[in-house]
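Quick notes on the structure that follows.
Throughout, a chain's letter reflects where its sequence line sits, starting with A, and its residues are numbered from 1.
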Protein chains: 2
Amino acid sequence: MGPKTDRRQQHGEESRQRILDAAVEIAAERGYEGTSMSLVRQRSGMPNSSIYWHFTDKDDLFAAVIDRSYQLWRDRLLDIAVRRDPTLPRLRRFLDVAHSIADSLLERPEFLSLGLMLTLERRPVEAKARERFVEIRAEVHRIARTEFTDILADLPEERRGEFAARLADFTIAATDGYFLAYQLSPDTYDLHGAFATLGTATDALLERWLAES
Amino acid sequence: MGPKTDRRQQHGEESRQRILDAAVEIAAERGYEGTSMSLVRQRSGMPNSSIYWHFTDKDDLFAAVIDRSYQLWRDRLLDIAVRRDPTLPRLRRFLDVAHSIADSLLERPEFLSLGLMLTLERRPVEAKARERFVEIRAEVHRIARTEFTDILADLPEERRGEFAARLADFTIAATDGYFLAYQLSPDTYDLHGAFATLGTATDALLERWLAES
DNA sequence: AAGATACTGGATCGATTAGTCCACTGAGGA
DNA sequence: TCCTCAGTGGACTAATCGATCCAGTATCTT
């Protein structure tokens, strides 16, 4: 059947990406309301009609922006992340995870930046983009839980799940907080130092929980 | 000298407060770009000319909004905070601080909500409001450092300052992160549970640092 | 060749934006 | 009484907002 892929569609897909790339860049530093379609048009070089051909409206564009920026960040994170090595001590593994997160955020801050903005902006009419972020955040939580479950392999099975979930909560919150501190003064903030603290805190917290129970 | 206070000025000050109250409310849930002067006008009931009589422009209004919301939050926090009691164990004191913060944020979330939005929104032309938030954040850091220095009273003096600073960093970042998690799903998130974890983590982290050195 | 499909280019829309202007009011000082 | 002045009311502006419309073009199928 048909040719490899319609050259028209191929060209259209390139346009779509150019629009998305421009929108990701702008949205990450200006938020939803601060990103005007006219700015996206200028920076992407695509005419208005093309933008509205690929995306039904601004909200739809933003949902796609969230998806794309998440994909870019997650791919980077999985690429950086060291392989799971059960022979390493737990603290070392927590620190490795923490530094992987720090690196991925330094290279691809757009997703978290935009996501946190959408978290804070609670406009009366709920946006598709925000819902999309909520879904993705749940997925991130699942991934984190899986990772921690692996690190906690030597714990009794019935405790492992709950501790992993609580550690995921803690890690995600602390990640958001340190990322914000970095955003407040990107030139001077020592993000890796901060994430070293996060790794240590994770280990210390777990130790405390184990002692309590 | 004159009468108690000019009734005109008194009335003007009331108007200023009404404008500010409306602006705080709107800004905390919509950010800078999402807050239109027309919305402030409607919700405050004050005409356009009055708003621009009291504030030179939108940026100036926002700087004042930051100041006011900070003042309200800080007053609430200091009101809630339990007195410093050096006889209590350290963990207990960390937990008390954590719960005070949680309570104050539940009652007056506007300051942090707006401040974090301004942190993330990095428009090309730097806004007065964001600078104001940076200043206030430095003040908060000083206050936190003082509090921790007090809790660490039994530590040798030369270590106390550095540990207090590092604990302040950690606590502020974690507070921001947990606040964000709460904002993402305010109806279901257990903010006090989260801040109990924060208190525990603070104590565990300090213990680890002390053991290391 | 003829038609259908997948986009593009550009003008244009009504609504809303931040901000301005100025006549006006009501209270204070002389 | 008359002047001053802090503050109000509301009409108004230029620019920009998100979104629409439609004729035009290139590439596909038949």
Side-chain angles (χ1 to χ4, degrees), chain A residues 1-20 22-23 26-27 30-65 118 121 123-130, chain B residues 1-23 26-27 30-65 121 123-130:
Chain A
M1 58 143 280
K4 25 309 218 70
T5 33
D6 197 326
R7 253 215 305 246
R8 290 174 301 177
Q9 287 187 354
Q10 205 170 324
H11 186 239
E13 181 56 30
E14 277 169 31
S15 299
R16 202 187 120 98
Q17 291 303 325
R18 285 173 60 188
I19 295 166
L20 269 180
I26 300 166
R30 304 174 82 122
Y32 186 91
E33 308 271 1
T35 301
S36 73
M37 298 305 275
S38 136
L39 206 54
V40 173
R41 175 171 54 73
Q42 287 173 46
R43 190 142 350 161
S44 68
M46 302 301 299
N48 227 334
S49 51
S50 294
I51 300 178
Y52 281 95
W53 196 91
H54 289 288
F55 307 96
T56 65
D57 56 16
K58 190 180 172 179
D59 217 19
D60 186 51
L61 169 62
F62 263 69
V65 161
L118 291 176
E121 284 176 21
R123 260 161 291 113
V125 180
E126 195 74 347
K128 264 188 282 180
R130 193 181 197 268
Chain B
M1 47 137 281
K4 27 301 220 80
T5 33
D6 198 324
R7 258 219 298 249
R8 288 174 302 177
Q9 287 186 355
Q10 204 170 327
H11 187 240
E13 182 53 31
E14 277 169 32
S15 299
R16 201 187 122 98
Q17 291 303 324
R18 285 173 60 188
I19 295 166
L20 269 179
D21 286 341
I26 300 167
R30 304 174 81 121
Y32 186 90
E33 308 270 0
T35 301
S36 74
M37 298 305 275
S38 138
L39 205 55
V40 173
R41 175 171 53 74
Q42 287 173 46
R43 188 138 356 156
S44 67
M46 302 302 297
N48 227 333
S49 51
S50 293
I51 301 178
Y52 281 96
W53 196 90
H54 289 288
F55 307 96
T56 66
D57 56 16
K58 190 179 172 180
D59 217 20
D60 186 50
L61 170 62
F62 263 69
V65 160
E121 284 176 21
R123 259 160 290 113
V125 179
E126 195 74 348
K128 264 188 280 180
R130 192 180 196 268

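Look at CZ on A:Arg123: it is 16 Å from C1' on C:dT16, rounded to the nearest Å. Counting to the nearest Å, the C1' atom of C:dT16 and the NZ atom of B:Lys58 are 12 Å from each other. As a whole-Å value, the separation of B:Phe55 CZ from D:dG7 C1' is 14 Å. Spacing between atom NE2 of B:His11 and atom P of D:dC5 amounts to 21 Å, rounded to whole angstrom units. Here the C1' atom of nucleotide D:dG9 and the CD1 atom of B:Ile51 are 12 Å apart, to the nearest Å. Between the P atom of D:dA19 and the CG atom of A:Leu39 lies a distance of 15 Å, rounded to the nearest Å. Atom CD of A:Gln42 and atom C1' of C:dG9 are 16 Å apart (whole Å). Following rounding to the nearest Å, B:Tyr32 (OH) and C:dT17 (P) show an atom-to-atom distance of 14 Å.
Taking every side-chain heavy atom of B:Asp57 into account, C:dG19 is the closest of C:dG19, D:dG18, C:dC7. Between D:dA19, C:dT8, C:dA18, one nucleotide has an atom nearer to the side chain of A:Ser50 than all others, and that is C:dT8. Of the candidates D:dT8, C:dT20, D:dA19, the closest approach to any side-chain atom of B:His54 belongs to D:dT8. Here the nucleotide nearest the side chain of B:Met37, chosen from D:dT8, C:dT8, C:dA18, is C:dA18. The side chain of B:Tyr52 lies closest to C:dT20, out of C:dT8, D:dG18, C:dT20. Considering only the side chain of B:Pro47, D:dG10 comes nearest among C:dA18, D:dG10, C:dC7. Checking D:dA6, C:dT17, D:dG18 against the side-chain heavy atoms of A:Ser36 singles out D:dG18 as nearest.
B:Thr56 comes within 4.0 angstrom of no nucleic acid atom, judged by non-hydrogen atoms across all strands.
Residues A:Ala22 and A:Val40 share a closest heavy-atom pair of CB-O, 4.2 Å.
When the side-chain nitrogen and oxygen atoms of B:Ser15 are compared with OP1 and OP2 of D:dG7, none of them lie within a distance under 4.0 Å. A close approach under 4.0 Å does occur between a side-chain nitrogen or oxygen of B:Ser38 and OP1 or OP2 of C:dT17.
Residue whose closest nucleotide on DNA chain D sits further toward the 5' end, between A:Glu33 and A:Ser49: A:Glu33.
At a threshold of 4.0 Å, the pair B:Arg123-B:Glu33 counts as salt-bridged, since one of the basic side-chain nitrogens sits closer than that to a carboxylate oxygen. A salt bridge does not link B:Arg16 to B:Glu14: none of the charged nitrogens lies less than 4.0 Å from a carboxylate oxygen.
Judged by atom type and distance alone, B:Asn48 reaches the base of C:dG19 through a side-chain donor-acceptor pair under 3.5 Å.
The closest side-chain donor-acceptor pair between A:Glu13 and A:Gln17 falls under 3.5 angstrom.
Within the cation-pi definition used here (under 6.0 Å to the ring centroid, within 45° of the axis), A:Lys58 qualifies as a partner of A:Tyr32.
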